[in-house]
Each structure stands twice: as C-alpha cells, then as structure tokens.
Amino acid sequence: MPESLKQVSVLHLPVHLCPDYLSWLRSRLENGQTTHIVTLNSEMAMLAERTPPLTQVIKQAELVIPDGAGVIFYLRLRRHQQQRCPGIELAASLLEYIGHHQPNVPIVFYGGAPGVAQKAAHYWENRSPHLNITAYHGYLSPSEEEQLKEFLQTTQPRVIFVGLGVPRQEYWIAQHRHLCPQAIWIGVGGSFDIWGGVKSRAPMWLRENHLEWLYRLYQEPWRWRRMLVLPQFALRAFVK
Ligand code: UDP
C-alpha cells in the first residue's frame with residue numbers, strides 16, 4: 001500500500017508531509033507517474049514569495065519535501081511532526097533503491113561544472129554496478145543542450161537529477177518535463193559537487209543541530225547575502 005501525502009502550507013507554498021517519501025516515490029516510479037520533486041528550504045520559500053513564476057512551478061510540483069531546518073521549524077510551530085528530508089538524502093535513497101531493484105534503468109545527471117556530474121556518476125556506479133547513469137555538465141552550449149533534449153526524448157530515462165541551482169533547475173524541469181512523461185525529475189542543487197568529491201557535507205553533529213546552513217556559509221562565504229533572508233523567514237514563521 002503506497003504511502004499517502006498530506007499537503008500543508010508554508011508561506012502559501014505547498015509542502016507534502018509523508019512518513020516515508022521513498023515508498024511513495026517507489027510506487028510513482030513503478031507506475032511510470034511523472035513527478036517533479038522540489039526540495040523546499042527557507043531561502044527558496046523567500047525567493048518564491050517575491051518571484052511569482054517560481055511560486056507557480058512549486059505549486060505544480062507533485063512532491064515538495066521539507067529540505068531545510070527552517071521549513072521544519074515553521075511546521076513544528078504549527079504542530080506538524082514531520083522529520084526533515086534533505087533532498088540529497090532522498091536522491092541517494094532513490095539511487096540505492098534503483099541500483100538494487102531496477103537494474104539498468106536509464107538515469108540522467110545534469111548539472112555542475114564540467115566533469116563533476118561524471119565524477120558523481122562514477123561514485124554511484126562504483127557503489128552500485130547496476131546503475132546506468134548518463135552525465136551532462138550544467139554549462140552546455142545551446143547546441144549541446146539540444147543534444148541533451150534529444151537524448152531525453154529517445155532514451156526516456158526514468159529519473160532525471162538536475163543540479164543547476166535554485167531557481168534555474170526548477171524552471172528547467174518545468175519547461176522540459178513533457179519530454180519524459182514517465183520520469184521522476186528532482187532538483188538536486190549542489191549534490192553532484194558532494195558525490196563528485198568537490199565539496200563536502202556538514203558534519204553530522206551540525207546537521208543534527210539544524211546548523212547545516214552555517215557550514216555552507218563557512219564553505220561558500222559568498223552565500224551571506226542570500227542567507228540574509230533566513231532570519232526574515234524565521235520571523236514570518238512566528239507571525240503567519
Ligand atoms: N550550476 C550549473 N549551471 C549553472 C549554474 C550553476 O550547473 O548555470 C551548478 C553549480 O555548478 C552547482 C549547482 O549548480 O553545482 C548549484 O549548487 P548550489 O549548492 O549553489 O545549489 P542551491 O543552493 O542553489 O540549491
């Protein structure tokens with residue numbers, strides 16, 4: 001029996017609560033039901049608030065998971081007992097599941113600096129030899145992007161991981177999802193950088209204390225301006 005989703009709202013955006021997202025996705029994958037997964041954090045929620053086209057895309061997504069600590073904080077204030085579901089972890093569980101149960105299903109990694117998605121694909125293929133991943137970097141010329149689209153149309157991959165950063169990856173998925181109407185599409189941000197060994201995730205004790213964002217700031221100090229919205233989000237969590 002597939003898990004069901006409960007939709008709630010975070011700053012007027014949908015978020016889907018579920019005790020086991022992977023089970024829900026497995027059933028979507030097995031039934032060939034097209035699915036766009038958005039991994040919502042407070043930065044994206046604040047960006048969506050001032051960017052109506054991004055709000056539209058998030059509202060159309062079949063699955064919006066609570067990726068960030070701020071979103072969980074918002075939900076807890078409203079007595080929703082949902083666990084955080086970082087997108088990189090859901091993406092990894094999906095790859096592990098496919099590697100074990102759906103050998104050779106075509107998968108695409110798209111995004112990251114040249115060579116990085118390839119390294120990420122090798123990392124996963126070494127862990128699970130039955131994975132069949134084709135990698136494209138995220139700085140394609142217009143003609144290379146046409147080749148990618150052709151590849152999507154002819155190969156019909158079942159899962160497409162798009163790591164172009166927010167909001168580019170969300171727009172890209174919304175524009176191209178018709179090319180593979182049975183696929184799961186997920187925006188994975190900088191996950192290829194992590195799987196490809198270019199960056200590292202925060203140590204577990206920081207993640208457990210909801211401080212992953214602080215580690216990102218330490219690794220990528222240029223993020224400080226983007227992160228100014230985080231206290232604004234926290235304030236909004238209290239008042240709305
Ligand atoms: N990126 C890309 N093409 C672009 C811009 C960015 O492939 O035109 C990649 C970049 O190399 C990085 C990812 O997008 O791997 C963005 O990662 P980030 O952690 O910044 O994601 P976000 O915080 O936006 O989710």
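The structure displayed is predicted, hence computed values, not measured ones. Worth knowing before you read on, the calculation uses all heavy atoms, side chains too, and leaves out hydrogens, waters and symmetry mates. In each ligand, atom 1 is the first atom listed, and ligand 1 is the first ligand listed.
Between F151 and Y136, the angle of the ring planes lies from 30° to 60°, which puts this pair in the tilted group.
Proximity of R168 to ligand 1 is established by a heavy-atom distance of less than 4.0 Å. Residue contact annotation: R223 has a non-hydrogen atom under 4.0 Å from ligand 1. Ligand 1 has no atom lying under 4.0 Å from any heavy atom of K199. Ligand 1 does not have E43 within reach: every non-hydrogen atom of the residue lies 4.0 Å or more from it.
A salt bridge is defined here as a Lys NZ or Arg NE, NH1 or NH2 lying under 4.0 Å from an Asp or Glu carboxylate O, and R84 with E208 fails to meet this definition.
Counting only heavy atoms of the protein, atom 24 (O) of ligand 1 lies nearest to V166 N, 2.9 Å. What sits closest to atom 7 (O) of ligand 1 on the protein, heavy atoms only, is G112 N, 2.7 Å.
Few gaps surround NE2 on H101; more than 12 heavy atoms of other groups in view lie less than 6.0 Å from it. Heavy atoms of other residues, nucleotides or ligands lying less than 6.0 angstrom from NZ of K149 number more than 12.
Taking all heavy atoms of W172, Y136, Y139, W222 into account, the minimum distance to atom 10 (C) of ligand 1 is reached by Y139. Among G163, G111, A113, G138, the residue whose heavy atom lies closest to atom 9 (C) of ligand 1 is G163.
Each of the following atoms of ligand 1 lies closer than 4.0 Å to a heavy atom of G190: 17 (O), 18 (P), 19 (O), 21 (O).
For ligand 1, the polar-atom distance check finds an N/O of D193 within less than 3.5 Å of one of the ligand's N/O atoms.
For the pair R127 and W124, the cation-pi criterion (under 6.0 Å, within 45° of the ring axis) is fulfilled.
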- Query: Are E30 and S27 close enough, and set up right, to give a side-chain hydrogen bond (donor to acceptor under 3.5 Å, both in side chains), and what steps lead you there?
  - Reply: CA-CA 5 Å; E30 276 150 25; S27 134; over 6 Å; no
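At a heavy-atom cutoff of 4.0 Å, ligand 1 is contacted by the side chain of R216 but not by its backbone.
The two residues V71 and F233 come nearest to each other via the heavy atoms N-CE2, 4.0 Å.
Annotation: side chain of L17 is in contact with side chain of V8 (closest heavy-atom distance under 4.5 Å).
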